[in-house]
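Have a look at the structure below before the remarks.
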Amino acid sequence: MTRRLPPFGPLIAFDAVARHRSFTRAAEELGVTQSAVSHQVRRLEDFLGVQLLKRLNPGVELSDDGTNLQGELATLLDGIAGLEPSLRRRPGRQTLRVGAGSSLAAWWLVRRLRTFRALHSEIEIDFLPVESEAVGEPSLDVRILWTTLAESRATSLQAPLFRERVFPVCAPSILPRARPLSDPAALLDLPLIQKRHTPSGEWSWAYWFRKLGLKRAEPRGLVLGDMGLCLTAAVEGAGVAIGRSLLVADAISDGRLVPALATAPDVLSTKVHIARWSPDLIGDHNTQVLVSWLAQAAKETSRGVSNGSPP
């Protein structure tokens, strides 16, 4: 006999709203928008043919049907959660499919996965470079995203990893005596590298000119498609690029890049790297091991790379 099962995603959304009595706090826990949670609950109500919530202003209350469902659902979800430890111990459940942006992958992450593998040989990593959460992207267990500070809070589905410092970098060969510039105005005599699509804030040279008290409004030099290409061009001596502390740490350590300025302003990125995992991995031990290692590895890399000072 075929089971007529309610949709699982809406059940999870309803459970979160019922526990918090709030669409906003449920959305924060699940790492989605408030409207998405509301849509999921309405889907469940349509499926069941009953009203589960009384939508107030502010807040929500459970209807009688909602109260009954919450009690039954809590027991069912606790039972499902209890399956996880035994299933995760079975062979074939130890691979995590991980995705991150190509620049972060090439300049920092991939070269460190060998260390993770040596520490945690029981966990296999299947890595894919990805740039967005758009439709058509591959299915992943854990995705490293670069998001706004406001969206980086810890929830049951995500954890903040690291926030980088931003400063100009270049190959030592293009600097006088291969030393960082003591006078920021000397930047105006060097070719500058900038990302395409008119970057704003700390990623634009216009921002840095204002920060350094320089008069030029627009940079002159190469315009390239992404951060990885900008840093590659900088290593090859094509000019000065605006770098991120995590991405440039290894290149500074081995001498391929140096901070362009002897003293740079203290500029934190307005975006934060987070790890976000699929709902079925909530509480998964291996996922938490990986996420904790990523945060610690970033902390170790960034130690000493402050305000553009070499490690």
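Just the heavy atoms: all of them, side chains too, but no hydrogens, waters or symmetry mates, feed the values below. As the structure is a computational prediction, the values presented were derived from the model and not from experiment.
- With sequence neighbours excluded, no residue forms a ring-ring contact (aromatic ring centres under 6.0 Å, His included) with W107.
- Not counting sequence neighbours, the partners of R112 by the side-chain contact (heavy atoms from CB on, under 4.5 Å) test are W108, D250, W293, T301.
- Residues passing the salt bridge (charged side-chain N to carboxylate O under 4.0 Å, His left out) test with R210: none are found, sequence neighbours excluded.
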Could you list the donor-acceptor pairs under 3.5 angstrom formed by side chains in residues 171-191, with sequence neighbours left out?
| unit_1 | atom_1 | unit_2 | atom_2 | d |
| --- | --- | --- | --- | --- |
| D183 | OD1 | A185 | N | 3.1 |

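- Residue pairs meeting the side chain to side chain donor-acceptor pair (under 3.5 Å) criterion with at least one partner in residues 47-56, sequence neighbours excluded, are E45-R55.
- Within the structure, ring-ring contact (aromatic ring centres under 6.0 Å, His included) pairs that include any residue of residues 18-63 do not occur (at least two apart or interchain).
- In this structure, the salt bridge (charged side-chain N to carboxylate O under 4.0 Å, His left out) partners of E124, at least two apart in sequence or on a different chain, are R117.
- Contacts of D126 classified as salt bridge (charged side-chain N to carboxylate O under 4.0 Å, His left out), with partners at least two apart in sequence or in another chain: R97.
- Applying the side-chain contact (heavy atoms from CB on, under 4.5 Å) test to T67 and every residue at least two apart in sequence or in another chain returns L62.
- In terms of the salt bridge (charged side-chain N to carboxylate O under 4.0 Å, His left out) criterion, residue partners of D15 (sequence neighbours excluded) are, by chain and number, R19.
- For the salt bridge (Lys or Arg N to Asp or Glu O under 4.0 Å) condition, no pair includes a residue of residues 58-71, sequence neighbours left out.
- A106 is linked by a side-chain contact (heavy atoms from CB on, under 4.5 Å) to nothing, counting only residues two or more places apart in sequence or in another chain.
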